[in-house]
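All remarks here apply to the structure that follows.
On a predicted model such as this, the values are computed, not experimentally measured, just so you know. In each ligand, atom 1 is the first atom listed, and ligand 1 is the first ligand listed.
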Amino acid sequence: MRRFERKQNIFRNKDALGESYQPDQIEERDEEIEEYMDALQPVVDGWEPNNIFLYGNTGVGKTAVTDYLLDRLQDDVADYDDVNLSVISLNCKTLNSSYQVAVELVNKLRPAGGEISSTGYPQQTVFKKLYEELEAIGGTILIVLDEVDSIGDRDELLYELPRARANNNLDSAKVGVIGISNDFKFREQLDPRVQDTLCERELQFPPYDAPELENILESRAEIAIAEDAVEQGVLNFCAALAARDSGSARQALDLLRLAGEIAENREADLIERDHVEAARSRLEQERVEEGMRELTTHGRLALLAVISKAAKEETPCRTREIYEEYITLCDSSGTDSLAQRSVHNHLSDLRMLGILSAYENRSGSRGNYYSYELDVPFTSAIEAMSDVLRLDSEIETIREIASMNNVA
Ligand code: ADP
Ligand code: MG
């Protein structure tokens with residue numbers, strides 16, 4: 001008997017909804033593409049490249065547009081014999097200093113076996129090795145540092161690299177750096193000298209609105225999803241949800257892919273609105289759980305206190321009242337409680353994670369105070385908590401109170 005059977009009635013090419021898929025066509029970014037092309041023009045003309053800094057929230061097409069344009073650029077400059085272009089792309093997500101980025105670059109450029117170790121050299125030595133490799137390649141070299149914000153303030157490379165020619169560290173190689181960041185604050189926190197050089201050309205990618213997301217989904221669905229396997233209105237719905245939340249094409253595509261998987265598991269012939277709803281709450285829950293995994297026990301207890309207040313329909317709710325609830329939960333779990341001040345810090349962290357929202361209330365002579373409520377669906381929050389906290393009977397009680405109050 002077969003255990004596995006092929007299910008391919010919903011998807012035609014599911015990989016086309018995945019993270020690594022590179023679209024042949026970019027929708028809705030004409031203006032950004034034009035500006036980007038203008039910044040890259042010196043490469044075609046044979047001059048020194050601009051340094052470019054690209055920023056925008058996650059999922060707004062920064063990586064996709066960069067990959068697309070650099071592919072086109074490489075194809076098109078092949079027609080000019082006097083331009084010898086190399087593109088080196090590095091995702092810096094797991095690298096948290098200039099040093100690590102420089103080591104990765106050196107190792108990318110060296111033949112297998114010639115890699116250097118990621119510790120033990122002085123930083124300037126690694127930079128020097130990098131210059132040697134770049135000189136060996138020569139010509140025009142574009143170095144793409146994606147998600148470069150993860151290097152934080154250890155940004156010396158971003159100062160050195162664009163100046164390497166001026167400082168006589170490079171001679172035959174003309175290097176341009178393309179820095180991509182999900183975080184605009186990264187730009188502001190850069191050393192002003194780095195800002196001047198790296199951000200020679202700045203491109204901002206705004207979030208997508210619902211019609212833009214719908215177009216992106218449509219063009220991707222044509223490749224990824226079988227004919228007639230999407231109910232009318234489903235793409236529009238995915239687009240609306242993602243636009244309201246983040247404006248991220250990644251979120252919209254994730255919703256569609258998961259909705260398709262749910263449809264497949266339910267043996268439906270097409271993706272329906274219900275499947276998108278189910279996908280939405282599952283993704284929401286994943287997001288909340290991910291945020292919660294990062295929390296300490298006290299962060300979790302502070303959150304559970306807000307959840308408990310929400311079950312009683314008592315949110316938004318002041319820190320003092322949340323604190324009382326928190327004390328009760330600490331008592332029942334046999335955990336020593338923290339001072340109110342520290343719990344307040346946990347509440348602000350939860351707000352930063354997008355799990356809570358806060359309101360500032362003015363109360364005359366007694367100064368301002370905050371009140372908090374859940375910023376995620378009640379059900380996702382309590383589900384996630386029951387996975388990470390061992391407080392079964394308390395959580396059960398909260399659920400019962402919530403269902404009495406019709407809190408869902
Ligand atoms: P970012 O790098 O800004 O986080 P990505 O470029 O990785 O975002 O885009 C996220 C997903 O959405 C990718 O699958 C990408 O192919 C797709 N995407 C984003 N913008 C567009 C667009 N304008 N046209 C087509 N696909 C897009
Ligand atoms: Mg990206």
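When only modelled atom types and interatomic distance are considered, Ser246 and Gln251 share a side-chain donor-acceptor pair under 3.5 Å. Counting only N and O atoms by type, the side chains of Glu373 and Tyr359 include a donor and acceptor under 3.5 Å apart. Tyr36 and Thr66 share a side-chain donor-acceptor pair at under 3.5 Å. Checking Asp146 against Thr63 by side-chain atom types alone, a donor-acceptor pair falls below 3.5 Å.
Residue contacts with ligand 1: Asn182 is placed with no nitrogen or oxygen under 3.5 Å of a nitrogen or oxygen of the ligand (distance criterion only). Geometrically, ligand 1 and Arg29 share no nitrogen or oxygen pair separated by less than 3.5 Å. Geometrically, ligand 1 and Glu28 share no nitrogen or oxygen pair separated by less than 3.5 Å. For the pair Val60 and ligand 1, the shortest N or O to N or O distance falls below 3.5 Å. Considering backbone and side-chain N/O atoms, Ile26 never comes within less than 3.5 Å of an N/O atom of ligand 1.
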*Under the side-chain contact (heavy atoms from CB on, under 4.5 Å) rule, what do Ser181 and Phe53 come out as? Steps first, then yes or no, please.*
CA-CA 8 Å; Ser181 171; Phe53 187 72; 3.7 Å; yes

_side-chain hydrogen bond (donor to acceptor under 3.5 Å, both in side chains) between Glu27 and Asn215, intermediate numbers included_ = CA-CA 7 Å; Glu27 312 289 335; Asn215 276 342; 5.8 Å; no

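Close approach of ligand 1 to Ala64 (heavy-atom distance below 4.0 Å) involves ligand atoms 6 (O), 15 (C), 16 (O). With ligand atoms numbered from 1 in the order given, ligand 1 contributes 4 (O) to contacts under 4.0 Å with heavy atoms of Thr58. Close contacts of ligand 1 with Tyr208, meaning ligand atoms under 4.0 Å from a residue heavy atom, involve 19 (C), 20 (N), 21 (C), 22 (C), 23 (N).
Ion pair Glu231/Arg273 not flagged as a salt bridge, since none of the NZ, NE, NH1 or NH2 atoms sits closer than 4.0 Å to an Asp/Glu carboxylate oxygen. Electrostatic pairing of Arg318 and Glu321 does not count as a salt bridge here, judged by no charged N lying under 4.0 Å from a carboxylate O. One finds a salt bridge joining Arg187 and Glu202 here, because a Lys/Arg side-chain nitrogen approaches an Asp/Glu carboxylate oxygen to under 4.0 Å. Comment: Arg399 engages Glu383 in a salt bridge, judged by a side-chain N to carboxylate O separation of less than 4.0 angstrom.
Not one N/O/S atom of Thr58, from backbone or side chain, sits under 2.8 Å from the Mg ion (ligand 2).
Stacking of Lys62 on the aromatic ring of Tyr55 is not recorded, the 6.0 Å distance cut-off and the 45° axial limit not both being met.
Ligand 1 does not have Gly56 within reach: every non-hydrogen atom of the residue lies 4.0 Å or more from it. A heavy-atom separation below 4.0 Å is not found between Gln22 and ligand 1. Under the 4.0 angstrom criterion for non-hydrogen atoms, Phe205 is not in contact with ligand 1.
Of the protein's non-hydrogen atoms, Lys62 NZ, 2.7 Å is the one closest to atom 3 (O) of ligand 1. Atom 26 (N) of ligand 1 has Arg220 NH2, 3.2 Å as its closest protein atom, hydrogens excluded (heavy atom only). Counting only heavy atoms of the protein, atom 4 (O) of ligand 1 lies nearest to Gly59 N, 2.7 Å. Arg250 NH2, 2.8 Å is the protein heavy atom nearest to atom 7 (O) of ligand 1. When hydrogens are left out, the protein atom nearest atom 23 (N) of ligand 1 is Glu27 O, 2.6 Å; that is the closest non-hydrogen contact. The protein heavy atom nearest to atom 18 (N) of ligand 1 is Ala249 CB, 3.9 Å.
If you look at Leu253 next to ligand 1, the close heavy atoms, those under 4.0 Å, all belong to the side chain. Here Thr63 has heavy atoms under 4.0 Å from ligand 1 in both its backbone and its side chain.
Ring geometry for Tyr326 versus His298: interplanar angle of 30 to 60°, hence tilted.
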